[in-house]
Amino acid sequence: DRMTSAVCGFMSSKGAPYADGSWVFTHYPFWAFTEARNKLHEAVEFNFINRGFYEDELVMMRNAVENFATNDFLLLEDRPYLRRSEVAVMAGAGPSLDESIETLQRIRDQIVLFSAGTALRPLLRNGLVPDFHCELENGTQVYDVLAEASKFGDLSQITLLAAGTVDPRVPRLFGKTILYFRDTVSSTEILHGKHRPIYGTGPTCVNMGLVTASVMGFRNFIFFGTDCGIRPGSGRHAKGTVYTDIDFYRGGQSTNNVMQVEGNFGGVVNTEIVYNASRLMMIDTIRYYGLDAINCSDGALIPGARPCVPEALEIPCPPLDRTAFMEHLERSLKSYAPGQLLEEANIDSIRRHTEGMFADLDKLLAELGEGEADFAVAYDSVMAFVAEAKSRYLKTESMISGSLQALPRIAMFYGFRVAEDAGRRALFDAFIAEFRAIAEFMAKNIHALFDNLATYAPAPSERVAVNAD
């Protein structure tokens with residue numbers, strides 16, 4: 001694993017596209033080298049995934065501003081909180097949740113229950129109302145799924161724990177809301193100011209719940225339905241989720257490459273890139289926070305979490321005083337009224353820096369278009385622009401950096417396969433022209449976004465802290 005990680009890290013530092021067409025030469029017949037080579041094939045696939053596109057960043061920026069402007073909420077930050085003695089249960093929507101319902105009902109009074117994503121509906125259908133519900137994604141479908149789940153329970157009894165980029169309609173479904181700044185997304189880069197983002201909350205709601213609960217101070221965890229894979233012959237989700245009950249959400253099997261990992265209760269489990277990434281992130285979270293974890297899920301083995309069949313689980317603690325617990329937790333978090341957090345941001349300054357960024361980007365692309373038809377030079381130049389932009393443009397490049405990195409990577413893939421000089425020149429000219437047109441399109445839409453966000457921004461006289469130009 002360390003060899004694979006080191007190779008991938010080196011590739012990323014030089015530019016992932018340069019690995020295209022590379023060969024792996026095993027110079028010595030040693031089992032560790034063979035294992036590293038096999039794992040490298042899987043890791044390189046993940047290394048080539050582009051992180052973020054401007055379309056998503058636009059949605060997240062809009063959602064975050066509206067959430068901060070229109071909702072009362074508590075803010076969770078990555079800073080020390082008092083260690084909590086309560087047992088936290090993380091419930092995912094894996095198929096083994098079905099066999100865990102009776103155990104969850106038996107221990108419900110003794111635990112703090114977190115539901116993750118689509119696990120909420122089957123829990124409510126079985127009379128299990130979580131203390132916290134965890135949401136990570138920004139799409140409108142999150143609201144639709146939660147509205148469907150609300151038919152089976154009163155969401156006003158639940159505290160929402162979500163990224164600040166969640167659909168702004170979602171917090172209004174719940175009794176109380178805890179938001180946090182999710183790492184690396186543009187709304188966090190631009191708006192977080194003095195507040196500390198929470199890192200590593202992806203790729204799934206289970207990961208988000210585990211990390212944020214750990215930040216809150218929980219150290220004792222039990223996992224149910226966090227399968228991170230599928231037993232051969234099993235379904236993909238627990239019964240009672242929208243995936244099993246609602247025709248609109250039913251879908252086929254994942255098209256990602258299937259791999260096999262060791263099962264929590266022996267045997268093997270089929271997994272794929274997202275489920276396996278979730279498993280690996282859970283392993284890292286357990287190790288990083290020093291968690292005492294028990295895994296009652298009949299899915300993939302999660303090293304660091306002790307396997308335990310649900311029927312054998314015993315919790316040696318009395319019923320939880322839930323009111324006292326929530327009061328203590330809420331006192332440890334800072335509360336914000338609608339619009340209060342946005343008083344710390346200077347939207348006008350952010351907009352000016354964004355305009356400057358797009359002007360400089362167009363100048364760079366024009367210069368590249370006048371030079372040699374060298375796709376590698378274009379890639380390196382754009383990557384250097386992205387790297388320098390963080391400090392130069394108040395991190396406003398974060399709204400488009402994913403797309404900026406993707407476009408020259410795509411061009412490199414095709415450009416390196418054109419041997420004829422005239423053909424490569426024509427392709428390069430088309431690439432630069434299209435890149436400039438896309439940049440102009442992004443700039444137009446981002447400026448329109450700022451026009452809309454200005455309706456939420458406080459007047460300069462009301463602003464308590466202004467980001468420096």
Side-chain angles (χ1 to χ4, degrees), residues 49-68 70-71 73 90-95 97 114-125 130 132-156 158-174 177-180 182 185-188 201-209 212 225-228 235-256 272-275 277-278 402 445 449 452:
I49 295 176
N50 202 68
R51 273 72 169 179
F53 287 92
Y54 120 92
E55 294 87 350
D56 282 341
E57 298 297 339
L58 213 61
V59 171
M60 288 190 278
M61 188 69 184
R62 184 184 300 114
N63 286 357
V65 170
E66 187 169 343
N67 276 321
F68 298 146
T70 61
N71 293 304
F73 63 93
M90 197 61 53
L97 181 65
F114 292 76
S115 62
T118 53
L120 178 61
R121 190 174 187 271
L123 291 175
L124 293 176
R125 284 172 59 92
F132 298 93
H133 177 67
C134 307
E135 287 293 349
L136 176 67
E137 301 301 334
N138 60 72
T140 58
Q141 70 275 12
V142 173
Y143 174 83
D144 299 331
V145 169
L146 290 172
E148 165 62 31
S150 69
K151 299 175 183 178
F152 300 94
D154 182 6
L155 303 192
S156 69
I158 305 170
T159 296
L160 174 68
L161 179 55
T165 52
V166 72
D167 186 310
R169 297 173 297 169
V170 169
R172 299 161 199 165
L173 294 171
F174 294 85
T177 298
I178 299 174
L179 299 177
Y180 74 96
R182 180 182 178 183
V185 300
S186 59
S187 57
T188 295
T201 58
T204 72
C205 293
V206 166
N207 299 103
M208 175 260 178
T212 53
T226 62
D227 295 17
C228 299
R236 289 180 60 83
H237 300 96
K239 296 175 183 177
T241 64
V242 292
Y243 301 114
T244 62
D245 288 6
I246 309 296
D247 288 339
F248 180 80
Y249 297 99
R250 288 194 178 104
Q253 296 296 308
S254 171
T255 57
N256 291 327
E272 42 86 7
I273 188 168
V274 175
Y275 285 162
S278 176
N445 283 280
L449 169 67
N452 183 51

Problem - Non-hydrogen atoms of His133 and Gly117 that approach each other most closely - result: CE1-O, 3.0 Å
Handout entry: Atom pair OG1 (Thr204) and OH (Tyr275), whose distance is rounded to the nearest 0.5 Å
Key = 9.0 Å
Handout entry: Side-chain heavy atoms of Leu58 within contact of Leu449, under 4.5 Å
Key = yes
Handout entry: Partners meeting side-chain contact (heavy atoms from CB on, under 4.5 Å) with Pro130 (sequence neighbours left out)
Key = Leu113, Ser115, Leu120, Leu123, Leu124, Ile158
Completion exercise
Residues passing the ring pair (Phe, Tyr, Trp, His ring centres under 6.0 Å) test with Phe68, sequence neighbours excluded, are Phe73, Phe181
Exercise for the section: Rounded to the nearest 0.5 Å, what's the gap from OH on Tyr243 to OH on Tyr249? Could you check? Expected result: 8.5 Å
Practice task
Determine the minimum heavy-atom distance between Gly202 and Leu136, stating which atoms define it.
Solution key: CA-CD2, 4.0 Å
Can I get a per-line list of side-chain donor-acceptor pairs under 3.5 Å for residues 143-150, giving both atom names and the distance, sequence neighbours left out?
from   : atom 1 : to     : atom 2 : distance (Å)
Glu148 : OE1    : Lys151 : NZ     : 2.9
Glu148 : OE2    : Arg121 : NE     : 3.2
Glu148 : OE2    : Arg121 : NH2    : 2.9
Ser150 : OG     : Ala147 : O      : 2.6

Handout entry: Leu160 backbone acceptor or donor facing Thr177 side chain under 3.5 Å
Key = no
Problem - Val59 side chain near Asp56 side chain, heavy-atom distance below 4.5 Å - result: no
Completion exercise
So CZ of Arg236 and CG of Asp227: to nearest 0.5 Å the spacing works out to 11.0 Å
Practice task
Quick one: closest heavy-atom pair of Ala238 and Leu97, and the distance?
Solution key: CB-CB, 3.9 Å
Exercise for the section: State, without any angle test, whether Asn207 and Ser278 hold a side-chain donor-acceptor pair at a distance under 3.5 Å. Expected result: yes
Handout entry: Pairwise distance CZ(Arg125) to CZ(Phe152) - rounded to 0.5 angstrom
Key = 4.5 Å
Handout entry: Short N-O contact, Glu135 and Arg169, less than 4.0 angstrom
Key = no
Handout entry: side-chain contact (heavy atoms from CB on, under 4.5 Å) assessment of Glu55 paired with Asn445
Key = CA-CA 10 Å; Glu55 294 87 350; Asn445 283 280; over 6 Å; no
Handout entry: Ser187 side chain reached by Val65 side chain, heavy atoms, under 4.5 Å
Key = no
Exercise for the section: State whether a side-chain donor-acceptor pair under 3.5 Å links Tyr180 with Thr201. Expected result: yes
Practice task
Return the minimal non-hydrogen interatomic distance between Pro203 and Glu137, and the atom names on each side.
Solution key: O-OE2, 4.0 Å
Problem - Heavy-atom pair with the smallest gap, counting every atom of Asn63 and Pro168 - result: OD1-CD, 3.4 Å
Practice task
Report the distance from atom CZ of Phe114 to atom CE of Met208, rounding to the nearest 0.5 Å.
Solution key: 9.5 Å
Fill in the blank from the handout: Tightest non-hydrogen contact, residues Pro122 and Thr241, listed as CG-CG2, 3.8 Å
Exercise for the section: Rounded to the nearest 0.5 Å, what's the gap from CZ on Arg62 to CD on Glu57? Could you check? Expected result: 12.0 Å
Problem - Chi angles and distances behind the side-chain contact (heavy atoms from CB on, under 4.5 Å) call for Val185, Thr188 - result: CA-CA 6 Å; Val185 300; Thr188 295; 3.5 Å; yes
Exercise for the section: Evaluate side-chain contact (heavy atoms from CB on, under 4.5 Å) for Val166 paired with Asn138, printing each intermediate quantity in order. Expected result: CA-CA 4 Å; Val166 72; Asn138 60 72; over 6 Å; no
Practice task
Verify, without hydrogens or angle tests, whether Glu272 (side chain) and Val274 (backbone) share a donor-acceptor contact under 3.5 angstrom.
Solution key: yes
